Structures are given as C-alpha cells and as structure tokens.
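Throughout, numbering of the chain's residues begins at 1 and tracks the sequence. Values in this document were obtained by computation on a predicted structure and should not be read as measured data.
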Amino acid sequence: MAEAEKNERMSLAVKSAQFIMIVQGALGLLSGVLLIAPLAALGGKGDVLTSLVLGLSVVIAVLIGWWAGKWISRRRRVRIAALGLECLMALTYVSGRTLDPPPNMYSLVLPVVVLLLLLLPSAKAWFDR
C-alpha cells in the first residue's frame, strides 16, 4: 500500500505550483546576479532599506525554487512551508512596493497563483496522504 502511494501521480495543481516555484527560484537567482553590479557601484551609498528588501526577496525566491525541487515528501508540513514561503514572497513585494515600485509584476502574481494552487482541495489531498 505504501508503495502505491509513493507512485501516485502528482495532481496538476501541485505540478503547476512546483513548476512556478522553480521559475521563481530561477528568476530570483537571475535578479540576484543582476542586482550585484548596481549595488556594488553605489558603494553602500544607496537606500539601505530598499537594498535589504530587494536582497530578502532574492533570497526568498531562491529558497522557494530550491524547496520546490525537493518535493519528494508528501507530508503536510512541506505544503505548509511552501505556503509560508509564498506568503513571505508576496509580503516582500508589498513592502518593496511601498519603498520603491519594482518593474515586474511577476513578484506578486506568481506567489498569488502558487498560493491559490496549493490551497486547492486536490493539492491538499495530495500532500495529506
């Protein structure tokens, strides 16, 4: 019985959420690389709070991508951790928006989509087995 549960196919909602989270991680890594040069050029003379929020969002995005790549376990805590990371990502967008409007809406749209996907009954059922 346990072997059958391991081999059960991932629901479309969970697969989609996992894919989006991996894309978020890749975009976060790319953003981190692209942010290094302008922040280094400022030599610490830029807005520290904005730099911290941007850096935090990059770290969270990379963590999200890494976490999605590790979805071997179907434990409930894996889903809850993913929901928490996505909430953090959405909050960094909102806090960053109040400091300095970011150019890309993906920073808010992708976390909201993943949150909705992971809150679907099919995703909850897949993780609760």
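Residues that satisfy the side chain to side chain contact (heavy atoms under 4.5 Å, CB included) test with Val78, not counting sequence neighbours, are Trp67, Trp71, Ser73, Arg75, Phe127. Residues meeting the side chain to side chain contact (heavy atoms under 4.5 Å, CB included) test with Leu12, sequence neighbours left out: Ser16. Taking the side chain to side chain contact (heavy atoms under 4.5 Å, CB included) definition, one finds that Ile22 meets it with Gln18, Ala68, sequence neighbours left out.
Note on Leu29 and Val59: separate hydrophobic clusters, where clusters join Ile, Leu, Val, Met, Phe, Trp and Tyr whose side-chain heavy atoms are under 4.5 Å apart, directly or indirectly. If you chain together hydrophobic residues whose side chains sit under 4.5 Å apart, Phe19 and Val113 fall into the same group. One hydrophobic cluster, built from ILVMFWY side chains closer than 4.5 Å, cannot hold both Ile80 and Leu116; they sit in different ones.
Closest heavy-atom contact between Leu88 and Ile60: CB-CD1, 3.9 Å. Closest of all the heavy-atom pairs between Leu120 and Ala13 is CD1-CB, 3.8 Å. Minimum heavy-atom separation, Ala61 to Gly28: CB-CA, 3.6 Å.
You'll find the side chain of Trp66 stays beyond 4.5 Å of the side chain of Val62, heavy atoms only. Using a 4.5 Å heavy-atom threshold, the side chains of Val114 and Leu85 count as separate.
Leu117 CG to Met21 CE: the interatomic distance, rounded to the nearest 0.5 Å, is 11.0 Å. Annotation: the span from Ile64 atom CD1 to Ile20 atom CD1 amounts to 11.5 Å, rounded to 0.5 Å.
Residue pairs meeting the side-chain hydrogen bond (donor to acceptor under 3.5 Å, both in side chains) criterion with at least one partner in residues 79-90, sequence neighbours excluded, are Gln24-Glu86.
Taking Ile, Leu, Val, Met, Phe, Trp and Tyr as hydrophobic and joining them when side-chain heavy atoms fall under 4.5 Å apart, one finds Leu30 in a cluster with Leu34.
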